[in-house]
Amino acid sequence: MGSNGNLSPLPPASSPSLILAQPTQGERDRTARHTYPNWGGALTEDGYLQRETYLTTVPLARDGGITHWILTVDGGVPDERPILSSCESLRKRAVYARPSGNGEGERVVVEGVAHGIASVFTEPAFRGKGYASRMMKEVGEKLEGWQARAAGAAEEKKGVEAVEKGSSLFSVLYSDIGKTFYAKNGWAPFESTHVSIKPVKGAAPTEGQGVKVLGYHELAELCAADEKQLRADLARPGGSRTKVAILPELDAMLWHLMREDYMTKAIFGKTPTIRGAVTGEAGKRVWAIWMRGYYGGLKKPEGNVLHVLRVVVEGPEQPEETLADGLRAILQIAQHEAAEWRTEDIQIWNPNPKLRSVIDKTGIQYQLVNRDTDSIASLRWYGEKEQTSELDWVANEKFAWC
Ligand SMILES: CC(C)(COP(=O)(O)OP(=O)(O)OC[C@H]1O[C@@H](n2cnc3c(N)ncnc32)[C@H](O)[C@@H]1OP(=O)(O)O)[C@@H](O)C(=O)NCCC(=O)NCCS
């Protein structure tokens with residue numbers, strides 16, 4: 001069965017003969033040819049297929065970090081069976097912190113794995129029959145135990161508590177079809193706002209304002225410092241709610257940056273050198289890491305966005321005016337880069353109240369957008385103690401997207 005169209009009659013979505021399977025390379029290519037019109041606009045079809053394969057070899061995805069999933073029929077012959085719906089999942093390091101229950105307000109930080117689900121797709125001929133819903137049910141259950149044990153064991157060696165071994169902590173996805181479909185299937189919508197800033201050519205501050213641009217080689221140290229500060233924040237005593245986070249580690253950034261490299265090479269014939277900017281002395285730094293995302297390419301530039309993957313304020317007790325001076329210089333570099341690289345928007349996802357206040361003080365014009373259709377951050381919790389509504393998702397920024 002070379003095409004998906006000649007399965008007759010189609011099995012109902014509730015049929016016990018439907019299974020979740022991992023596609024062959026040929027089946028992945030077949031799926032990519034179907035998804036190309038939706039997601040490949042900035043590339044040729046072959047370039048898009050090559051990118052999808054390349055994206056299995058980059059940090060986070062390599063070594064089995066990415067898993068492709070299809071809904072198909074039990075006993076079907078690989079490469080000939082129908083692909084009724086498809087998606088992929090990406091393993092990510094994650095933590096949660098909840099009150100220890102010792103009555104002293106202490107919090108216990110638990111290590112583990114989260115999975116990001118992406119590229120949920122049913123080809124047009126099969127839509128509206130419940131296949132994506134069935135696949136999400138299967139995937140949601142499968143990911144609870146998927147690749148979770150290994151992380152628990154590794155963390156155990158480091159002496160960090162890893163309760164609920166053998167279970168992933170949670171899975172996330174970013175819905176482009178509103179808040180209802182995935183909520184019905186188990187993923188609850190969380191805050192999905194962003195600060196939107198316009199690109200400005202020439203906005204970059206002049207030398208001597210204490211701001212430095214960031215290349216690949218600076219990111220490792222910054223991500224390590226970020227993770228350390230985030231863990232300390234999560235462990236800080238107080239508060240009754242459970243906090244969950246995907247860790248803003250180097251590999252999480254590299255996944256985006258290597259994707260960006262592929263896209264910019266295809267579109268501009270070159271890759272950017274400036275991946276963010278930092279100001280301030282050690283312990284009091286402010287930085288932002290960003291990547292340029294292209295959907296429509298240069299034909300439809302309105303879909304091109306410079307995404308701020310992560311903003312970090314080290315030493316948040318500094319005066320907001322000082323922080324704002326630093327952030328202003330960083331954002332001006334972002335504005336210039338965004339214009340240079342033909343993007344039409346700069347987005348900072350889910351800025352916390354502190355960051356919002358600092359952005360206000362930079363004097364840079366921005367809009368706060370509350371998304372209700374695209375990139376709705378959604379989370380399914382695998383823990384037993386809390387309901388999803390009892391969770392705070394911290395560091396819910398673009399770096400966690402896939
Ligand atoms: C979204 C998609 C995967 C649904 O696949 P499907 O197999 O038809 O899904 P199901 O039959 O299980 O469920 C269909 C439901 O999805 C909803 N849906 C489909 N497209 C939608 C959209 N653009 N906006 C909102 N809801 C949508 C339908 O309204 C329907 O809702 P209902 O269950 O209340 O009737 C499919 O339409 C698709 O591949 N679309 C293009 C790619 C895409 O947008 N993927 C999602 C990325 S987050």
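Atoms within a ligand are numbered from 1 in the order they appear, just like the ligands themselves.
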Ring centers of Trp69, Trp146 separated by less than 6.0 Å: yes

Show the protein residues that qualify under the rule heavy atom under 4.0 Å from an atom of ligand 1, listing them in chain and number order. Asn38, Trp39, Val120, Phe121, Thr122, Arg127, Gly128, Lys129, Gly130, Tyr131, Ala132, Ser133, Ser175, Asp176, Ile177, Phe181, Tyr182, Lys184

When the aromatic ring centroids of Phe268 and Trp341 are compared, is their separation below 6.0 Å? yes

Verify whether the ring centers belonging to Phe121 and Phe126 lie closer than 6.0 Å. no

Aromatic rings Tyr36 and Tyr48: how do their planes relate, parallel, tilted or perpendicular, breaks at 30° and 60°? tilted

Could you tell me whether the side chain of Ser17 and the main chain of Val73 form a donor-acceptor pair under 3.5 Å? no

Identify whether the distance between the nearest side-chain nitrogen and carboxylate oxygen of Arg28 and Glu52 falls below 4.0 Å. no

